[in-house]
Amino acid sequence: MTDRPVRTRFAPSPTGYLHIGGVRTALFNWLFARKHGGQFILRIDDTDQQRNVAEALQPILDGFRWLGLDWDEGPEVGGPCEPYYQSQRSERYASAVQTLLENGAAYRDYAKSEEVQAEREAAEKEKRSFVYSRKWMAESAEDCARFEAEGRTAIVRLKMPREGKLIVKDLVRGDVEFAWEREQDHVIQRADGSCLYHLATVVDEHDFKISHVIRAEEHLSNTPRQIYIAQQLGYELPEFAHIPFVAEPGSKTKLSKRKLEKYMKNRDFKALNDLGQTVASRIGLETSAETFNPVIVNFYEEVGFLADAVVNYLVLLGWSLDDKTEDFSREEMIENFSLERVNKAAASFDPPKLLSFQDRYMQKLEMKKKVAKCVPFLQKAGLIADPPDCNTAPRLTEILTAADDRIKVAGDILDFGAFFQSDEELQFDEKAFEKRIRKPEEAATLLKEFRDLLADASEFDAASLEKLLKDWVTSRGIKIGQIIHALRVATTGTAVGFGVFDSLAILGKESCLARMDRALAMVG
RNA sequence: GGCCCCUUCGUCUAGCGGUCUAGGACUCCGGCCUUUCACGCCGGCAACACGGGUUCGAGUCCCGUAGGGGUCACCA
């Protein structure tokens, strides 16, 4: 470990959405920086962006904000190392290329891409590993002139060592050895002067004074060339930590946003997705599989997950403290995080486990906050006014109290839409109505009898109603099951939900009677 | 295919030579609770990839095999 101030970074591409695997990587960077009192920096990889960057970046920044992963430097907040957008840093890259050229660590190459491709194929055919012949390498101004006279244009390649080895010291994996002869003369600058990723990354890391490069393991094999670039530029090397990637559910393959169709065949993934779709359709959210699915973090926000639950789940994907602790507050996470305890093997994304964290966090959430989380969903569904009137909070509190653990994500409040609809609007679930009201012989009669009893009730709280019904059931000589299901369907429209007496009390006498009358009328 | 990485219950993991008849969590399966649903509670199934070493002793160290994965761009 160096004694440099700790500075970590995450470099999202402005693609319009935040990938869950990327978030896990960002989280580890953030945690490490916070733990060591350092800075967490966001750099934007927008070099090959055709689209509107600001627009495509917004969901990503929103995602980070929602998760509570604050960045010390980067877009919107600025910082001493501006600019943080790669597209604005081309001069820095170009000057680094110039230095490399002057050092002899890079050269102008006049080969046409077909020519290099041909060499590559020939090598493949002979089953030897490909090494560029450097046939069109310009070593002097004369060479350049000669090649240019042939109508060729130059790109810049790294002049990589062709013997010896490099040991990459990795904080997660230990020492990893690479042979230089396997490395290629990678292109670092195109004919049009634009620079490539590896060069840009190394320059940025130096300019931003990044002390620890914590990234997914797919970058491990890129590390030698980056180290070479840094060394040739005279940069102090950062520490490297290659963390395992997040894998597909039930597989070790890297989780990707492109393989949704495959994931949908996974029962658990599909269930999570369906949950999201249900909420989305109830709030009239237009969704496309591209931008709204469980691989994308914004999905969780839209559906009403708690950021703390998502983060807690994610931190345990590839990291653990001990053999039993699973729940961590943000402070505890920061306090306990260490790269030494990061695993080496890929961890697959497991929707049920995420859901269980969400359940637990929701159960712990204080009522006031729960109410606040649910309000926007009711508004978007058009069930309450925006801004809410003064009845909303108390009523919602009553409902949430009665609903208890049944609200797993904030969007689940829409399961109880019946309490916000007018008596006339209430939709009866056809199947439930058939099974509980129309089909049982006595149901309608009993419902009518109880309705009249209810009409005379003086107390309309849950406890009184329960006593009322139970006494009546006893005196009438029937079982509670013969009336209670019909009662639920008649008043809430559905066969499932929280306690019937709570339901009646929340609805109030007037609504109960109106709804029961409607139901009875439907039986005919 | 070359190079590199990885390998404990279905999944996330604990385990850093004896405390492992391998622990926890999620899932799953029973049961209890119960007016439905959910929660909760109790119980259960389930793993050291394989083969060699080293050692008095190996899930833990070494080597090999197999399997999985990553990477081999004028993408990032």
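All figures in this text were calculated on a predicted structure; none of them were measured in a lab. Proteins come first, then strands; the chains are lettered A, B, ... in the order of their sequence lines, and each starts at number 1.
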Exercise for review: For the residue pair A:Phe498 and A:Thr401, establish whether any side-chain heavy-atom pair is separated by less than 4.5 Å.
Suggested key: no

**Study point:** Atom-to-atom span, CG of A:Leu255 to C1' of B:rU11 - whole angstrom
**Key:** 14 Å

**Study point:** Under 4.0 angstrom between A:Lys364 side-chain N/O and B:rC39 OP1 or OP2
**Key:** no

Check your understanding: Mapping A:Val500 and A:Ser113 to their closest nucleotides on RNA chain B, which lands nearer the 5' end?
Key -> A:Val500

Point to revise | Atom-to-atom span, CZ of A:Phe501 to C1' of B:rU35 - whole angstrom | key: 7 Å

Exercise for review: Using the C1' atoms only, state how far B:rU60 lies from B:rU71, rounded to an integer number of Å.
Suggested key: 30 Å

**Study point:** B:rG67 pairs with, by Watson-Crick or G-U criteria that keep both distances under 3.5 Å
**Key:** B:rC6

Check your understanding: Under a 3.5 Å cut-off for both distances, is B:rG1 Watson-Crick or wobble paired, and to whom?
Key -> B:rC72

Check your understanding: Looking across every strand, which nucleic acid part, if any, lies under 4.0 Å from A:Ala402 by heavy atom: base, sugar-phosphate, or nothing?
Key -> nothing

Practice item. Could you tell me the separation between the CD atom of A:Glu248 and the P atom of B:rG70, rounded to a whole number of Å? Key: 9 Å

Review point. With rounding to whole Å, what would you report as the distance between B:rU19 and B:rG43 at their C1' atoms?
Key: 27 Å

Check your understanding: For the pair made of CG in A:Asp359 and P in B:rG40, what is the distance, rounded to whole Å?
Key -> 7 Å

Check your understanding: What nucleic acid atoms does A:Glu124 come within less than 4.0 Å of, heavy atoms only: base, sugar-phosphate, or nothing?
Key -> nothing

Point to revise | Value in whole Å for how far the P atom of B:rA73 lies from CZ of A:Arg157 | key: 10 Å

**Study point:** Protein-nucleotide distance (A:Lys370, atom NZ; B:rC39, atom P), rounded to Å
**Key:** 13 Å

Review point. B:rC5 P sits how many Å from A:Lys254 NZ, rounded?
Key: 18 Å

Check your understanding: Paired with B:rC16 by Watson-Crick or G-U wobble geometry, both distances under 3.5 Å: which nucleotide is it?
Key -> none

Review point. Do we see a donor-acceptor contact under 3.5 Å between the side chains of A:Arg157 and A:His186?
Key: no

Exercise for review: Name the nucleic acid region contacted by A:Ala495, choosing base, sugar-phosphate or nothing; use a 4.0 angstrom heavy-atom cut-off, strictly under.
Suggested key: base

Practice item. Examine B:rG15: is either OP1 or OP2 under 4.0 Å from a nitrogen or oxygen in the side chain of A:Arg341? Give yes or no. Key: yes

Review point. On a whole-Å scale, what distance lies between the P atoms belonging to B:rC4 and B:rC63?
Key: 14 Å

Exercise for review: Report the base-pairing partner of B:rU11 (Watson-Crick or G-U wobble, both distances below 3.5 angstrom), or none.
Suggested key: B:rA25

Practice item. Check the distance between B:rC6's C1' and A:Asp170's CG and give it to me in whole angstrom. Key: 13 Å

Check your understanding: Starting at the 5' end of RNA chain B, which residue's closest nucleotide do you reach first, A:Ile155 or A:Gly497?
Key -> A:Gly497

Point to revise | Complementary nucleotide for B:rG40 - Watson-Crick or wobble, under 3.5 Å | key: B:rC32

